[in-house]
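Please read the structure below before turning to the comments.
All ligand and atom numbering here is 1-based and tracks the order in the structure. Side chains are part of it too, since the values below use all heavy atoms of this structure and drop only hydrogens, waters and symmetry mates.
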Amino acid sequence: MLNVAILVSGGGTNLEAILLAKDRGELPDTNISYVVSNKRDAFALERAKKHNIKSLYIPNKNFEEELSNLLLENNIDLIVLAGFLKILSKEFVIKYPNKIINIHPSLIPSFCGKGYYGIKVHEEALKRGVKLTGATVHYVNEIPDGGKIILQKAVAVEDGDTPEILQKRVMESAEWKLLPSAIDLISKEKKCKA
Ligand code: GAR
């Protein structure tokens, strides 16, 4: 089993997509061990509770230290950033090579890196006038949004799109499918190596 901790900061629709995929039996080799938030009022924490998944709020001040302890105590194999909007330090990231993945709401290398997160990504895509955008799941390294790409899916931009409309389309047709698929892929790789 791939033991996973999911890090969140906000609404948690990507978390919900993972938990629903698990409920449907689509992640047979994955165990969702913990949901951790750096925001006390993140709705994602409520979603975790509803699915009976252990959850924890860790303030930004002690975040990485407490998270490291939790990862060790719970034998976590993979850290999934699902709408986690804090940038992890270089010192933290280099301790977990190929053990952290992130979902980003654009086709990397477009509209990514420092300052590109959430709705801002879609605002910039619309400003630039791209006809295609999408989502990317990638490994996390010390460069923001710079790690090896695992999966990508393109989504069309349509006339009259607002950032909110585009965000919803990218989530529904790309993000909520890609992130569970990437986790399943990694769990199958672990199974093959065992
Ligand atoms: C998602 O669109 C996710 O891709 C994005 O934040 C949103 C969180 O929504 N993440 C980033 O921009 C990371 N750079 P959610 O809390 O409903 O999953």
Anything under 3.5 Å between a donor and an acceptor, one on a side chain of residues 2-19, the other on a protein residue two or more places apart or in another chain? List them.
from, atom 1, to, atom 2, distance (Å)
Asn3, OD1, Asn31, ND2, 2.7
Asn3, OD1, Ser33, OG, 2.9
Asn3, ND2, Asn75, O, 3.4
Ser9, OG, Asn38, OD1, 2.8
Ser9, OG, Leu85, N, 2.9
Thr13, OG1, Trp176, NE1, 3.1
Asn14, ND2, Glu175, OE1, 2.9
Glu16, OE1, Arg47, NH1, 3.2
Glu16, OE2, His51, NE2, 3.1

Please list every donor-acceptor pair under 3.5 Å in which a side-chain atom of residues 146-156 meets a protein atom from a residue at least two apart or in another chain.
from, atom 1, to, atom 2, distance (Å)
Gln152, NE2, Ile108, O, 3.0
Gln152, NE2, Thr136, OG1, 2.9
Lys153, NZ, Ser173, O, 2.6

Donor-acceptor pairs are to be reported for all side-chain atoms of residues 116-127 against protein atoms at under 3.5 Å, with residues two or more places apart or in another chain.
from, atom 1, to, atom 2, distance (Å)
Glu124, OE2, Lys127, NZ, 3.1

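The immediate protein surroundings of ligand 1, defined as residues with any heavy atom under 4.0 Å of it, consist of Gly11, Gly12, Thr13, Asn14, Gly83, Leu85, Ile103, His104, Pro105, Tyr116, Tyr117, Gly118, Met171, Glu175.
In Lys190, the NZ atom is crowded: over 12 heavy atoms of neighbouring residues, nucleotides or ligands sit closer than 6.0 Å.
Asn102 places none of its side-chain heavy atoms less than 4.5 Å from the side chain of Phe84.
The two residues Ser110 and Ser106 make their nearest non-hydrogen contact at O-OG, 2.6 Å.
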